[in-house]
Amino acid sequence: MTTVGLADERHGVLSDLREVMGDFWRFRELLYQLTLRDVRIRYKQAVMGFGWAIFMPLLIILAGMLIRLAMATMSGGGLDRTAIAGLAVKSLPWAFFVGALGFAVASLTGNMTLVTKVYFPREVLPVSSVLAQLFDTSIGALGLLIVLLAFHITPSLSWLWIPVLVLLLVTLTAGTCLLLSCGNLFFRDVKYIVQVLLTFGIFFTPVLFEPVMVGPTAASIIMLNPVAPVLEGLRLCIVEHHNLLQPLVATSHKGITFTVWHPWYLAYTAAWAIGGLLGSALLFHRLEFVFAEYI
Amino acid sequence: MHNAGIEFHHVWKKFRRGEVHDSLRDLIPAMGRRLVGRAGPRRNELQAGDFWAVRDVSFAIGAGQALGIVGPNGAGKSTVLKILTHILRPNRGSCIVRGRIGALIEVSAGFHPDLTGRENVYLQGAIMGMPAVDIARKFDQIVEFSGLTDFIDTPVKRYSSGMNARLGFSIAAHLDPDVLVIDEVLAVGDFAFQTKAFGRVKEMIASGIPVVVVSHQLDRVSELCTEAILLSRGQVLRQGSAAEVIASYALNAAQQTAEARGHEPVLLESLALTAPGTVRSGERFGLTLEGRIRDGGLPDNIEGVVLTVRSAQSGSVVFGTTTARCGIALPKQGAFTITAELQANLPPGIYGIETNVWDRTRGSMIGGGPSTYVEVVPGRDFDGSVQLNATVQLDAAAPASG
């Protein structure tokens with residue numbers, strides 16, 4: 001038996017979150033089908049096919065190589081393979097973040113007839129966009145593995161950090177997507193704001209460069225971006241074989257020493273990811289009953 | 001009612017006229033309040049710019065019952081359905097639905113044009129809450145019902161709109177819900193498919209599940225439903241048996257076109273069937289009309305009383321006559337009673353009976369009189385719009401001998 005609640009009914013935070021989890025479980029097949037739909041339509045009638053999964057990260061890598069080459073030329077150095085491998089390792093998760101946001105932000109407004117005509121937990125729409133992007137990224141990851149092996153970067157124990165970091169990134173992305181897709185439902189320009197922010201976001205996230213290159217002060221500011229520790233963490237554990245539970249101190253070419261990595265970064269990002277996902281899910285769930293009225 | 005499949009208790013729902021949120025400044029505090037779970041200004045009262053789309057609607061339907069919701073556009077019919085299907089939440093009152101709800105509403109809303117029919121069956125099924133194993137099990141039935149076996153691996157964007165709707169309906173019709181809600185989907189596809197779809201819905205009702213139907217096709221509603229409510233501007237104007245509600249809706253709609261004036265010389269007071277209720281198709285029924293001539297006497301321009309029989313389903317007049325045509329003159333003054341007997345050579349359905357006074361010089365009806373309705377139930381079976389009372393005889397030729 002289901003009783004339709006009142007429009008201004010209020011429940012506790014915990015019971016609402018439990019409801020969200022329950023909805024996901026009951027509609028898991030819908031989540032699967034919508035993800036499948038998003039994956040299928042990306043590869044149907046498309047010139048590039050699975051090339052899409054490689055295309056965006058590849059462009060980021062090329063852009064990064066150009067910038068690094070310019071910087072290396074100025075300081076009279078060269079471009080080594082660890083630098084390129086580091087770029088490659090960071091460009092894939094960044095492409096995932098950008099791609100997932102791009103699809104998820106419009107996921108509610110793009111399915112307007114569904115939102116106004118059929119009942120199902122609306123959370124599955126942005127979340128399925130994230131999962132479809134994750135599928136793309138996993139194809140890209142195969143390409144990345146080949147590049148790494150070609151550069152003689154082989155698996156080590158520190159690679160065990162990869163699943164942890166991927167989970168953090170997915171959690172962070174899912175929370176952001178829930179929040180912004182909901183925002184775009186009420187204000188259509190949220191989509192454009194997000195596009196602009198993502199276009200310039202690459203300069204405020206250590207994708208093309210490493211925090212060391214901008215000096216200690218700017219580096220510590222840049223590491224406040226919750227995505228930054230994930231990207232740097234991936235680079236350090238994959239390319240530098242660094243155990244993320246240990247801090248890493250480096251010396252820049254001017255002789256200044258500073259902390260490149262600290263385990264606290266991990267905790268910081270985890271706090272954003274988990275807090276962000278719970279907060280967004282709660283907000284989304286409490287607003288979804290007016291979606292059909294405000295869309 | 002106890003254990004009804006669907007219960008609506010004094011449900012109210014308000015909407016806002018015009019654009020919703022004017023600025024971020026209004027929204028952000030509202031969102032903040034929602035997030036911390038604190039109620040803002042009283043949300044179940046009307047504020048400036050709000051209106052009630054549904055006002056105090058109550059009903060209960062149990063197994064084997066089918067409720068039709070009729071009313072003009074904007075009466076709140078679809079809002080009621082959206083509350084039933086959990087898309088909207090009421091501001092006041094409560095809505096209880098027992099079991100899984102199946103909605104024949106926008107049956108192809110989840111289709112993606114680039115996916116094939118087959119892929120869309122699984123997608124739409126999941127959207128409607130059907131587990132993948134169930135879809136797989138019923139897949140052949142669904143496709144066969146839609147009649148699209150040859151096109152099931154073609155992208156839906158190549159389908160005609162009729163094919164689209166047929167596939168959508170077929171999926172929804174195989175849901176096996178505990179409660180069924182139908183909104184204007186009985187008119188999908190060609191005539192043959194409509195008949196098939198209608199038959200399928202009748203089967204589902206016959207299986208004993210509670211059903212709610214919203215439709216402007218009054219004949220469909222009267223055929224499917226056991227009871228009905230008439231909504232107008234969010235309020236229940238009438239609630240009762242399907243025949244009664246549909247007749248009153250159809251008659252009200254018709255009466256709005258007739259001119260209503262006071263102080264007419266002839267006052268028609270009451271109209272009743274001599275045997276109230278139903279009449280079998282092809283049989284006779286009687287009417288009694290009472291009225292009186294006002295004190296001023298009967299002017300010459302009043303030719304007599306007009307009797308009109310109107311189909312509640314189509315709204316068209318199926319029969320009309322006047323007292324003058326029947327060779328009856330109204331008395332010059334005082335009360336009078338007119339009795340009439342009619343033969344219902346009509347297909348089953350609901351027929352409104354209207355009375356009016358005919359003004360010869362103006363050439364129009366003045367002062368609408370009372371009206372009633374008669375429900376024609378199947379009698380001697382026939383197809384078509386008029387019972388011609390055929391007498392059929394067979395003379396078999398004697399077999400040639402030798």
Side-chain angles (χ1 to χ4, degrees), chain A residues 1-13 15-16 26-34 36-38 40-46 111-122 124 179 182-183 186-187 189-190 279-280 282-295, chain B residues 7 11 13-16 20-21 24 27 31-32 34-40 42-44 82-101 103 105-106 108-110 112-116 119-120 122-133 135 155 183:
Chain A
M1 180 181 112
T2 39
T3 307
V4 180
L6 287 180
D8 52 353
E9 206 166 282
R10 293 289 185 278
H11 298 283
V13 169
S15 86
D16 268 5
R26 278 193 300 129
F27 284 82
R28 60 193 183 280
E29 299 207 19
L30 176 59
L31 186 61
Y32 169 72
Q33 286 293 337
L34 284 172
L36 198 62
R37 173 192 78 169
D38 287 353
R40 273 175 174 152
I41 57 183
R42 255 180 246 190
Y43 296 106
K44 278 198 181 190
Q45 271 207 358
N111 289 292
M112 200 189 286
T113 35
L114 280 186
V115 173
T116 55
K117 306 282 185 187
V118 188
Y119 171 76
F120 56 88
R122 280 72 171 90
V124 297
L179 182 73
C182 181
F186 293 99
F187 300 100
D189 52 353
V190 166
S280 302
L282 192 63
L283 181 75
F284 194 103
H285 187 65
R286 290 191 169 172
L287 286 172
E288 72 178 316
F289 301 105
V290 297
F291 282 2
E293 286 170 59
Y294 285 81
I295 195 165
Chain B
E7 286 176 46
V11 171
K13 177 70 196 171
K14 70 175 178 185
F15 283 136
R16 205 147 202 216
V20 272
H21 276 289
L24 266 175
L27 183 74
M31 278 171 54
R34 258 175 193 268
L35 187 60
V36 296
R38 196 178 301 146
R42 298 285 296 164
R43 282 175 170 273
N44 58 1
K82 282 185 177 177
I83 292 171
L84 274 180
T85 51
H86 306 192
I87 295 168
L88 296 177
R89 291 190 151 190
N91 294 100
R92 295 188 208 161
S94 67
C95 162
I96 298 170
V97 178
R98 291 187 173 85
R100 185 160 68 139
I101 208 163
I105 302 172
E106 294 283 324
S108 45
H112 194 285
D114 286 327
L115 299 182
T116 65
E119 290 162 344
N120 271 312
Y122 282 90
L123 175 62
Q124 182 70 34
I127 289 170
M128 290 176 173
M130 215 190 316
V133 264
I135 306 172
D183 188 4

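Chain A is the first sequence line, chain B the second, and so forth, proteins listed ahead of strands; every chain is numbered from 1. Treat the numbers as computed from the prediction; the structure is a model and nothing was measured.
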Legend entry - Option in B:His112, B:Glu119, B:Arg100 with maximal non-hydrogen atom pairs under 4.5 Å from chain A: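 Ranked by contacts with chain A, first place is B:Glu119.
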Legend entry - Proximal component of B:Ala132, with respect to chain A [non-hydrogen, under 4.5 Å]: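 Interface part for B:Ala132: both.
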Inset, instruction - Go through the atoms of B:Ser108 and report whether side chain, backbone, both or neither lie under 4.5 Å from a heavy atom of chain A. - result: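 No part of it gets close to chain A.
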Inset, instruction - Check whether any side-chain N or O of A:Lys117 sits under 3.5 Å from a backbone N or O of B:Ile87 as a donor-acceptor pair, and report yes or no. - result: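 Judged by distance alone, no pair lies under 3.5 Å.
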Legend entry - Side-chain donor/acceptor of A:Glu29 to backbone N/O of B:Ala126, under 3.5 Å: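 Such a contact is absent between A:Glu29 side chain and B:Ala126 backbone.
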Residue part contacting chain B, namely of [X], when any heavy atom lies under 4.5 Å:
X: A:Val115; value: backbone
X: A:Leu36; value: neither
X: A:Arg26; value: neither

Inset, instruction - Cation-pi check, A:Arg286 to A:Phe289: give yes when NZ or CZ is under 6.0 Å from the six-membered ring centre and within 45° of the ring axis, no otherwise. - result: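 The answer is no, since A:Arg286 fails at least one limit relative to A:Phe289.
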Inset, instruction - Please check if atom OH in A:Tyr32 has more than 12 non-hydrogen atoms from other residues, nucleotides or ligands closer than 6.0 Å. - result: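 Counting other residues, nucleotides and ligands, OH of A:Tyr32 stays at 12 neighbours or fewer.
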Inset, instruction - Of all the heavy-atom pairs spanning B:Cys95 and B:Leu84, show the shortest one and how long it is. - result: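 What the structure gives for the nearest pair is SG-CD2, 4.0 Å.
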